[in-house]
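Notes follow once the structure below has been shown.
Basis for what follows: all heavy atoms, side chains included, without hydrogens, waters or symmetry-related copies.
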Amino acid sequence: MSSSAKLRVIQWATGGVGKAAISCVLNHPQLELAGCWVHSAEKNGIDVGRIIGSEDLGVTATSSIDDILALDADCVMYSPLVPNDDEVIAILRSGKNVVTPVGWVYPDPGNKRHQAVADAAVESGVTLHGSGIHPGGITERFPLMVSSLSAAVTHVRAEEFSDIRTYNAPDVVRHIMGFGGTPEEAVNGPMASLLEAGFKQSVRMIADHMGFRIEPNIRTVQEIAVATDTVDYDPFPITSGQVAARRFRWQALVDGQPVIEAAVNWLMGEENLDPAWNFGGIGERFEVAITGDPPVKLTFKGLQPETIAEGLIKNPGVVVTANHCINAIPDVCAADPGIKTYLDLPLFAGRPAPNLARPS
């Protein structure tokens with residue numbers, strides 16, 4: 001571990017989440033940027049400030065995993081598009097803590113892959129924490145918090161309603177999320193399996209902590225809406241019959257009935273869809289709803305951009321995903337070794353703007 005007064009942080013990957021994470025590190029009084037791993041040759045060897053559009057930071061990006069593992073650092077913010085267990089194990093074995101929005105929010109101790117990561121953390125004396133927003137705070141932390149206001153709870157729901165046109169990664173939208181293809185391609189594509197690993201863990205965390213006697217299998221439900229005419233989306237054409245909206249639900253069951261649900265609604269706008277899905281007249285949002293005595297519903301606004309154009313420049317949902325990870329780093333570094341969830345860590349918080357902060 002570093003002996004520096006500030007915790008030294010490495011950013012792994014510089015997509016939207018990675019860039020936002022770097023900005024959060026730079027504005028956090030307890031953290032400093034120590035290094036950055038990049039996938040593309042174009043970013044290799046350049047100052048990280050150029051990657052995020054700021055002045056030079058004096059930190060050079062590298063595509064060498066060996067160089068990153070050799071750096072003196074306390075924590076790695078690991079945010080590739082798809083997680084790799086071997087990479088995470090190597091990071092942990094190098095003596096670095098890990099925060100990540102791409103998995104391990106509530107690992108299954110019976111899963112051999114999860115156990116291998118946990119063993120690497122314990123044996124190396126470091127900690128891994130899976131965070132983010134959905135899965136993450138919206139799906140686990142906030143439902144548990146809100147449920148404390150109710151009694152005799154019969155149903156817990158955490159749900160996203162987003163216009164996916166604001167997500168500035170058209171290759172991901174087309175080839176991984178499955179928009180603009182046939183319904184058959186989308187159903188057989190990678191998106192469901194990529195999502196379900198995290199969301200099923202989220203649902204199980206709620207069930208375990210609240211004490212629901214759920215059935216062993218978490219049910220996955222996915223639906224597709226197709227375009228009835230050309231959809232307004234610049235990066236690639238979406239025409240009649242092609243996928244223009246997707247819905248996913250993960251349900252924990254008791255006696256065959258859903259008692260806990262995590263859900264995603266991704267629409268390419270609200271026009272020209274069959275079925276004619278929409279956002280229900282209240283726009284994009286996240287919702288946490290508890291059915292109990294009394295019922296409680298919490299609606300999060302501001303986590304999606306006001307316009308498509310704004311989202312392509314800076315998407316709040318991407319930023320909060322990064323922030324929720326970065327703000328956890330001091331507590332993650334102070335935690336006992338192993339995989340730690342929201343249930344294991346204290347209540348961490350954001351930090352004030354520099355001009356409003358107490359002197360250090």
State whether the side chain of [X] and the backbone N or O of [Y] hold a donor-acceptor pair below 3.5 Å, judged by distance alone.
| X | Y | result |
| --- | --- | --- |
| E215 | G256 | yes |
| K301 | E284 | yes |
| R246 | M177 | yes |
| T166 | D163 | yes |
| D47 | L57 | yes |
| N44 | S40 | no |
| K96 | L71 | yes |
| K43 | A61 | no |
| S150 | V153 | no |
| E270 | G281 | no |

query: Does the side-chain hydrogen bond (donor to acceptor under 3.5 Å, both in side chains) test come out yes or no for Y342 and S131, once each step is laid out?
result: CA-CA 8 Å; Y342 296 121; S131 182; 3.1 Å; yes
What pair of heavy atoms forms the shortest contact from [X] to [Y], and how long is it?
| X | Y | result |
| --- | --- | --- |
| S162 | E160 | OG-OE2, 2.7 Å |
| P135 | G198 | CG-C, 3.8 Å |
| D72 | A34 | O-CB, 4.2 Å |
| A121 | P337 | O-CB, 3.9 Å |
| N327 | A349 | CB-O, 3.7 Å |
| A20 | N323 | O-OD1, 4.4 Å |

Is there side-chain contact between [X] and [Y], with at least one heavy-atom pair below 4.5 Å?
| X | Y | answer |
| --- | --- | --- |
| L81 | V172 | yes |
| I10 | C75 | no |
| V105 | T341 | no |
| K340 | L128 | no |
| V48 | T60 | no |
| I282 | E287 | yes |
| D336 | T127 | no |
| P80 | V102 | yes |

Within this structure, what is the [atom1]-[atom2] distance for the pair [X] and [Y], rounded to the nearest 0.5 Å?
| X | Y | atom1 | atom2 | result |
| --- | --- | --- | --- | --- |
| R93 | D86 | CZ | CG | 11.5 Å |
| I68 | I91 | CD1 | CD1 | 9.0 Å |
| I164 | L267 | CD1 | CG | 9.5 Å |
| M191 | L195 | CE | CG | 3.5 Å |
| M210 | I290 | CE | CD1 | 6.0 Å |
| I138 | E140 | CD1 | CD | 10.5 Å |

Considering only NZ, NE, NH1 and NH2 on the basic side and carboxylate oxygens on the acidic side, decide whether [X] and [Y] come within less than 4.0 Å.
| X | Y | result |
| --- | --- | --- |
| R249 | E159 | yes |
| D255 | R213 | yes |
| R8 | D74 | no |

- request: Count the heavy atoms of every other residue, nucleotide or ligand shown that sit under 6.0 Å from OH of Y167, and state whether that count exceeds 12.
  value: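 No, OH of Y167 has 12 or fewer neighbouring heavy atoms, counting only those of other groups under 6.0 Å.
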- request: Assess whether atom CD of E185 is packed by more than 12 heavy atoms of other residues, nucleotides or ligands within 6.0 Å.
  value: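 Yes.
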message: H155 vs E261, test: side-chain hydrogen bond (donor to acceptor under 3.5 Å, both in side chains). Steps then yes/no.
response: CA-CA 8 Å; H155 192 266; E261 294 188 82; 2.8 Å; yes
Could you tell me whether [X] sits above the aromatic face of [Y], with NZ or CZ closer than 6.0 angstrom to the six-membered ring centre and within 45 degrees of the axis?
| X | Y | result |
| --- | --- | --- |
| R219 | W250 | no |
| R285 | F161 | yes |
| R141 | F348 | yes |

query: Are I308 and W277 in one and the same hydrophobic cluster, where Ile, Leu, Val, Met, Phe, Trp and Tyr link if side-chain heavy atoms are under 4.5 Å apart?
result: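 Different clusters: I308 never reaches W277 through Ile, Leu, Val, Met, Phe, Trp or Tyr contacts under 4.5 Å.
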query: Out of curiosity, does I65 fall in the hydrophobic cluster containing L92 (side-chain heavy atoms, cut-off under 4.5 Å, transitive links)?
result: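 Yes, L92 connects to I65 through the hydrophobic network.
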task: Would you check, one step at a time, whether the test side chain to side chain contact (heavy atoms under 4.5 Å, CB included) holds for E310 with T307?
output: CA-CA 5 Å; E310 289 177 18; T307 66; 3.1 Å; yes
Test side-chain hydrogen bond (donor to acceptor under 3.5 Å, both in side chains) applied to Q115 and N111, step by step: CA-CA 6 Å; Q115 192 58 50; N111 183 307; over 6 Å; no
field: Geometric class of the H39/W37 ring pair [parallel <30°, tilted 30-60°, perpendicular >60°]
entry: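 Correct class here is perpendicular.
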message: Between Y233 and F179, is the ring centroid distance below 6.0 Å?
response: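 Centroid distance Y233-F179: not below 6.0 Å, so no.
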